[in-house]
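Counting convention: from 1, in listed order, for ligands and their atoms alike. The structure presented is a predicted model; accordingly, all values stated were derived computationally and were not measured.
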Amino acid sequence: MYGTGIITFLATSLLSTVTQAGPLLPRADPIVVYPTFTSQYNAKTGAVTFNTASGLVSRNPQNGGADISTLVTFELPAKYSTNKCQLVFDLTNSSSSVSGTGKAQLYSALAPAYTSANSWPSGNLRDQDLGSIIVVKGKRATWDTTAGGLLASVNGTFDCSDIAGALFGGEIVPRGDTVEIKWPALFDGIKVLVT
Ligand SMILES: *[C@@H]1O[C@H](CO)[C@@H](O)[C@H](O)[C@H]1NC(C)=O
Ligand SMILES: *[C@@H]1O[C@H](CO)[C@@H](O)[C@H](O)[C@H]1NC(C)=O
C-alpha cells in the first residue's frame, strides 16, 4: 500500500510538472536579423538612394509613376546555415505607418543594391516572386495566400542555408493603386527570424 502510494504520488507530481512545464519554460526567442542596408528605388527616375534611414513602399494615382519600392540587403552569417529561417514583416514601431491597400509584393533580387545610383535596371534585377503580404499597423503582416509566390504558402519559412554566408538582395514593391508603407530601418519592417 505504502509503495503504491509513493508511486501514485510520484506519478502525480511528475504529471503536474510536465503539464506545467509548457507555459513555465521560457521559449527561446528567435534571432532577429534586419537588413544590413535599406535603400529606396524610384520607379520613374530609376534612381536608387542607398542606405536610407527608412523603408518606403508607395504608389498613388497622382504620383505620375514615381512609385517607390524598397531594396534590402541581408547578410545572414554562415553559422546559421543549419537553422530554419522565416521572412516576416512587422509594423510595430510608433513611427511606422500604413495606408491604402497596405499590400506589398516581395521579390528576391538578382543582385543586392550596394551603392546609390542614377539608374537601377527596373524589373531586370527582380528574380523570384516570394509572395505578397498584407501589412497592418501594430502587427506582423500576413501572407496573401491567394496571390502565389514562393514563400506565401509556407508562411515565409525557408532553410537558412538558402541565403546564409552570402549577400541576399530583395525588393518590396507596392501592390494596388494606392498604398503607402513606411518604417524605420533596423527597427521595424522586413526581417529574418532565425530559429
Ligand atoms: C522606433 O523607431 C525609432 C526610429 O525611428 C527608434 O529610435 C526607436 O527606438 C524605435 N522604437 C522601438 C520600440 O524599437
Ligand atoms: C505564421 O508565422 C507567424 C510568425 O512566426 C505566426 O505568428 C503565425 O501563426 C503563422 N501563421 C500560420 C498560418 O502558420
Side-chain angles (χ1 to χ4, degrees), residues 21-42 48-59 67-77 79-108 113 116 128-164 168-176 179-195:
L24 289 179
L25 272 180
R27 232 183 70 98
D29 285 331
I31 296 153
V32 178
V33 179
Y34 282 100
T36 318
F37 298 113
T38 294
S39 308
Q40 293 178 18
Y41 165 67
N42 182 315
V48 174
T49 310
F50 181 66
N51 202 10
T52 52
S54 58
L56 177 65
V57 170
S58 79
R59 173 186 293 148
D67 294 359
I68 305 291
S69 65
T70 289
L71 307 174
V72 290
T73 307
F74 281 99
E75 292 179 290
L76 192 73
K79 66 179 175 188
Y80 298 134
S81 57
T82 57
N83 291 74
K84 276 284 176 190
C85 278
Q86 187 180 23
L87 189 63
V88 301
F89 189 106
D90 289 340
L91 205 74
T92 54
N93 189 282
S94 56
S95 67
S96 298
S97 62
V98 58
S99 61
T101 63
K103 290 182 179 177
Q105 194 153 5
L106 274 44
Y107 290 93
S108 62
S116 283
Q128 278 166 313
D129 174 7
L130 300 180
S132 289
I133 53 170
I134 303 160
V135 175
V136 182
K137 174 77 179 172
K139 293 191 173 161
R140 176 157 294 168
T142 52
W143 292 90
D144 182 352
T145 51
T146 65
L150 213 58
L151 297 182
S153 61
V154 291
N155 202 19
T157 56
F158 60 97
D159 291 329
C160 297
S161 58
D162 291 349
I163 64 167
F168 175 75
E171 184 180 0
I172 308 160
V173 179
R175 187 161 162 246
V179 56
E180 185 180 276
I181 307 165
K182 196 174 179 184
W183 66 95
L186 295 175
F187 291 103
D188 212 9
I190 196 156
K191 55 193 164 186
V192 171
L193 304 181
V194 180
T195 52

Yes or no on salt bridge (charged side-chain N to carboxylate O under 4.0 Å, His left out) for K139 and D90, after CA distance, side-chain angles and deciding distance?
-> CA-CA 6 Å; K139 293 191 173 161; D90 289 340; over 6 Å; no
Please step through side-chain hydrogen bond (donor to acceptor under 3.5 Å, both in side chains) for the pair T49 and Q40, ending with a clear verdict.
-> CA-CA 5 Å; T49 310; Q40 293 178 18; 5.9 Å; no
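Using the six-membered ring where Trp is involved, F89 and W183 have ring planes that are perpendicular, over 60° apart on the 30 and 60° scheme.
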Mind listing the side-chain donor-acceptor pairs of residues 151-159 below 3.5 Å, one per line with the distance, residues two or more places apart or on another chain?
residue: T157; atom: OG1; partner: V154; partner atom: O; Å: 2.7
residue: D159; atom: OD1; partner: K84; partner atom: NZ; Å: 2.7

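The closest protein non-hydrogen atom to atom 5 (O) of ligand 2 is Q86 OE1, 2.9 Å. Nearest protein neighbour of atom 13 (C) of ligand 1, counting heavy atoms only, is N93 ND2, 4.4 Å. The single protein non-hydrogen atom nearest to atom 7 (O) of ligand 1 is F187 CZ, 4.0 Å, given as residue, atom name and distance.
By the 6.0 Å contact criterion, NZ on K137 is enclosed, its count of non-hydrogen atoms from other residues, nucleotides or ligands being greater than 12.
In summary, the atoms of ligand 2 found under 4.0 Å from a heavy atom of N155, numbered by their order in the structure, are 1 (C), 2 (O), 3 (C), 8 (C), 10 (C), 11 (N), 12 (C), 14 (O). If you number the atoms of ligand 2 from 1 as listed, the ones under 4.0 Å from a heavy atom of R140 come out as 4 (C), 5 (O).
Within the 4.0 angstrom cut-off, atom 9 (O) of ligand 2 has no protein heavy-atom neighbours.
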